[in-house]
Amino acid sequence: MKLRIAGLAALLIALPVLANVDTNSVAPDFTLNAQGGKSVELTQFKGQVVMLNFWASWCGPCRQEMPLLDSIYKKYSKLGFTMIGVNVEPDSKAANDWLKQTPVSFPILYDTDSKVSKLYGVSGMPSTVIVDRKGTVRMIHHGYKPGDEEEYLSSIRSLMRE
Amino acid sequence: MRVLRVLVALSVLQLLGACAPLEPWVKPYEREHLADPIMALDRNPISSDYLDHVFGTREGAHGATGGAGGGCGCN
């Protein structure tokens, strides 16, 4: 009896622990629609360094870093680097309106049902995940404050050399 | 008696489970409405800080609102 109760207690305590993406784990694959309805899969970028950026138009720091991300993308896209902006809003209208004023050249995918945000355990806005050429998560960064782009850059540069 | 004891044990265990993160919890990527400026508790946080400082220095019963202490509260 005692054992059974102990077992139950262990179960109740263990249940809430959720699996999340960690550094050095395989980046979970996903398929999302891009601007214009084209579907994009993560595995199609295998062999390139991929930076996933989870953003929303209501998130101030996200808006602040978007032009910086665009300049990183423009500089490194020819050298085997891809940036993917994952918009987390259920309704993409506000995001599209904002993008009209502040256009970016990297692909924007729409995670309207939060499936990919859940899959990657996004625990802050914006969240940035950098995946290496083999498809392994190498860097997870939460939030943005001025100067963080240097961290992205040094990680991207070292991963491109691998 | 024994059944009762097991029931009590189970209900206590359930209470322990309440320390777990609740499922209908607003995830960071779902904060669309919470991030709206209209949801802010304070529309002018900086000017409220100054007011808190003035109140805190003038009135003993006022305080613990995050305002900085010290000084005469004249600026």
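Reminder, nothing fancy here: chain letters follow the sequence lines and each chain counts from 1. Any value given below was found using the heavy atoms of this structure, including those in side chains, with hydrogens, waters and symmetry copies removed. Owing to the predicted nature of the structure, the values given are computational and were not obtained by experimental measurement.
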Check: Linking I/L/V/M/F/W/Y whenever any side-chain heavy atoms sit under 4.5 Å apart, do A:Y110 and A:V104 land together?
Finding: yes

Margin query: Just by distance, no angles: are the side chains of A:N33 and A:S39 close enough, under 3.5 Å, to form a donor-acceptor pair?
Written below: no

Item checked: Donor-acceptor under 3.5 Å (A:Q44 side chain, A:E41 main chain) -> yes

Margin query: What's the separation between atom CG in B:L7 and atom CZ in B:R5, rounded to the nearest 0.5 Å?
Written below: 12.5 Å

Notebook entry, point to check: Which residues in residues 58-96 of chain A have a heavy atom less than 4.5 Å from any heavy atom of chain B?
Noted result: A:W58, A:V88, A:E89, A:P90

Check: Between A:L42 and A:Y120, what is the shortest heavy-atom contact and its length?
Finding: CD2-OH, 3.4 Å

Next item on the list: Count the heavy atoms belonging to other residues, nucleotides or ligands that lie under 6.0 Å from CZ of B:F55, then report whether that count exceeds 12.
Entry: no

Item checked: Contacts of residues 145-162 of chain A with chain B (heavy atom under 4.5 Å) -> none

Check: Are A:V21 and A:V50 connected in the hydrophobic side-chain network, where two residues link if heavy atoms are under 4.5 Å apart?
Finding: yes

Check: Same hydrophobic cluster for A:L99 and A:L52, using side-chain heavy-atom links shorter than 4.5 Å among ILVMFWY?
Finding: no

Checklist line | Approximate separation, where rounding is to 0.5 Å, of A:S117 OG and B:Y29 OH | finding: 5.5 Å

Check: If contact means a heavy atom pair closer than 4.5 Å, which residues of residues 124-144 of chain A contact chain B?
Finding: A:G124, A:M125

Item checked: Residues in residues 34-44 of chain B that sit under 4.5 Å from chain A, counting heavy atoms only -> B:A35

Notebook entry, point to check: Out of curiosity, does A:M51 fall in the hydrophobic cluster containing A:W55 (side-chain heavy atoms, cut-off under 4.5 Å, transitive links)?
Noted result: yes

Checklist line | Residues A:V40, A:F45; criterion side-chain contact (heavy atoms from CB on, under 4.5 Å); working and verdict | finding: CA-CA 10 Å; A:V40 173; A:F45 298 107; 3.6 Å; yes

